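Here's the structure we're looking at; comments come further down.
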There are 2 protein chains.
Amino acid sequence: MMAPVATALLTKLTTSNVLDGEDIQAIQRLPIRFRELDARQIIVADGERPAECCLLAEGFTFRSKTTFDGLRQILSLHVPGEIPDLQSLHLKVMDHDLVTLTPCELGFIPHDALRQLNRERPNVASALWRETLIDAAIFREWIVNVGRRSATARMAHFFIELFRRLEAVGRTRDGGFELPITQVELADCLGISTVHVNRVLQDLRKEGLLTVNRANFHLLERKKLEQLAGFDPTYLHQHPDL
Amino acid sequence: MMAPVATALLTKLTTSNVLDGEDIQAIQRLPIRFRELDARQIIVADGERPAECCLLAEGFTFRSKTTFDGLRQILSLHVPGEIPDLQSLHLKVMDHDLVTLTPCELGFIPHDALRQLNRERPNVASALWRETLIDAAIFREWIVNVGRRSATARMAHFFIELFRRLEAVGRTRDGGFELPITQVELADCLGISTVHVNRVLQDLRKEGLLTVNRANFHLLERKKLEQLAGFDPTYLHQHPDL
DNA sequence: TTCGGATTCCAACTCATGTTAAGATTGATG
DNA sequence: CATCAATCTTAACATGAGTTGGAATCCGAA
């Protein structure tokens, strides 16, 4: 009688970690409180001290910070199977917001249960630690993206990364994916203005590199986009040997 | 007979973690290979698969990535007591360079020894995991810095962060610190051009907010700099309760 | 002490991106 | 199916930051 929510976590964990049968059972035995949320709801807010972690089963979430003068920067997007606030297990106070981008299915896991799991299954502990390290690796690449790439390369890089991560959890469909994101939100991901997002998107479409209709992004020329972005997938560590 | 190098690590760990006597002894028993390096030497390079971690005992190191077209972005600066490549314990391939900024005293600790320590002292394992999470929290703030703050605010934020981190390990002297960094390197930290670094530095000096002579940075008006930067120290998690 | 390379500083000019404002589309809702 | 709010699009204009090039300093090495 396993929480269906845990399936997403296992799918994700096993793409970049090796787990044995007992590890998997221990994960399936986790007490998980299921919950659905609408789009654009704050799951955990900056400054809070949560007592549980949030497992994303369906939908997209993002993490963001808002500067003193009201500008928002999105720090990461999360795909199903991830635990976007796993850091709260060891950092008691949230230093950013965790927000739903789309309607989401979420599973909340008490910190106590996770700590016990870590003690009893060192293998799982390593896997979870590793997940937080991959998280950090993605932050690093985002620093490069925002700090050193042109707006166009930045956007290309963003889409390629997202594609690869969605692909790993089986959420792409023939070279595309569904991501209901507004241009305002894209701007906050890339550290540029909304108007400029629009300009760059027009360019990429004009060049025949991608199409967007509704929430449907289709990467027509993945190779070209990767070149344009200077994309190197190493940092995603999508294989246990990396 | 403890490696003097381990002292730096303990100083750092105990500022944001609670360790008991046995934990401390276990750390002191770690086999550490001592080594000195000149300034601007690569310690571990992008793409390598190191078998040990590097403990910084004296000096400064930084981590950086270089884009396809040769632009460099510095991802983090490291102060004595930190283990800048602790992530390599679980991420086998380096996705960035680790480099000395100044002449450094380093201690190299085999991955095996660290893994054994983690198994035997879960408390230490948590502390080390936590350190990597703080690392990630700093990355997040750097994303905001580079993505959403003006060049001036960015630089102010950088100096304040550094001051706080150095203060925590007792490396500041009356409102200042010594950091032998060139304007080129500052530019790569902040994601701006060298010329612009110079302009902004002039401005900050003209405003009487800081002075620099040689490698000596003196923050004359810390409060004003913090306001200018919109600095909120939460993300540094410099206390075990945070 | 002198030399040469690295670093800092400065000014003129260019350009990528931001800002503001206004229509045009779209999509929910009654 | 009319309406309204949100989103997208486009244009005109403003500006922060990049680029180039060169002078002034600094500093270690001979």
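So that the names make sense, note that chain A is the first sequence line, chain B the second, and so on, each numbered from 1. Predicted model, so just to flag it, every value in this text is computed and none were measured.
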Separation of A:Leu186 atom CG from D:dT7 atom P, in whole Å? 13 Å
Without decimals, in angstroms, what is the distance between B:Gln183 CD and D:dT19 P? 16 Å
The salt bridge (charged side-chain N to carboxylate O under 4.0 Å, His left out) partners of A:Lys12 (sequence neighbours excluded) come to A:Glu82, A:Glu131
Please check the phosphate of C:dC9 (OP1 and OP2 only) for any side-chain N or O of B:Arg205 closer than 4.0 Å. yes
Take the protein atom CG of B:Asn216 and the nucleotide atom C1' of C:dT8, then report the distance between them rounded to whole Å. 17 Å
Round to the nearest Å and state the distance from A:Arg40 atom CZ to D:dA6 atom C1'. 10 Å
How does protein contact run along nucleotides 21-26 of chain D, one letter per nucleotide 5' to 3', with B for base contact, S for sugar-phosphate only, - for none, heavy atoms under 4.0 Å? ------
Separation of B:Asp203 atom CG from C:dT8 atom P, in whole Å? 17 Å
By the 4.0 Å heavy-atom rule, please label A:Arg149 as base, sugar-phosphate, or nothing. nothing
Will you find, in the side chains of A:His196 and A:Arg199, an N or O donor that is under 3.5 Å from an N or O acceptor? yes
Do B:Ser76 and B:His78 pair up side chain to side chain, a donor and an acceptor below 3.5 Å, judged on atom types alone? yes
Could you check whether A:Asn145 and A:Glu141, counting side-chain N and O atoms only, form a donor-acceptor pair closer than 3.5 Å? no
Under 4.0 angstrom, heavy atoms only, what part of the nucleic acid is B:Thr194 near: base, sugar-phosphate, or nothing? nothing
Is B:Thr182 touching bases, backbone alone, or none of the nucleic acid, heavy atoms closer than 4.0 Å? sugar-phosphate
Side chain of B:Glu226, backbone of B:Ile160: donor and acceptor closer than 3.5 Å? no
Check the distance between C:dT8's C1' and B:Leu204's CG and give it to me in whole angstrom. 16 Å
Among C:dG18, C:dC10, D:dG18, which nucleotide sits nearest the side chain of B:Ser193? D:dG18
Below the 4.0 Å mark, does C:dT8 have OP1 or OP2 next to a side-chain nitrogen or oxygen of B:Asn198? no
Can you tell me the distance, in whole Å, between the CZ atom of B:Arg154 and the P atom of D:dG16? 13 Å
Just how far is it from atom CG of B:Leu186 to atom CZ of B:Phe159, taken to the nearest 0.5 Å? 5.0 Å
Testing B:Leu98, B:Leu77, B:Asp85 one by one against B:Thr61 for a side chain to side chain contact (heavy atoms under 4.5 Å, CB included), which residue passes? B:Leu98
Whole angstrom is fine here: how far is it from CZ in A:Arg199 over to P in C:dT20? 14 Å
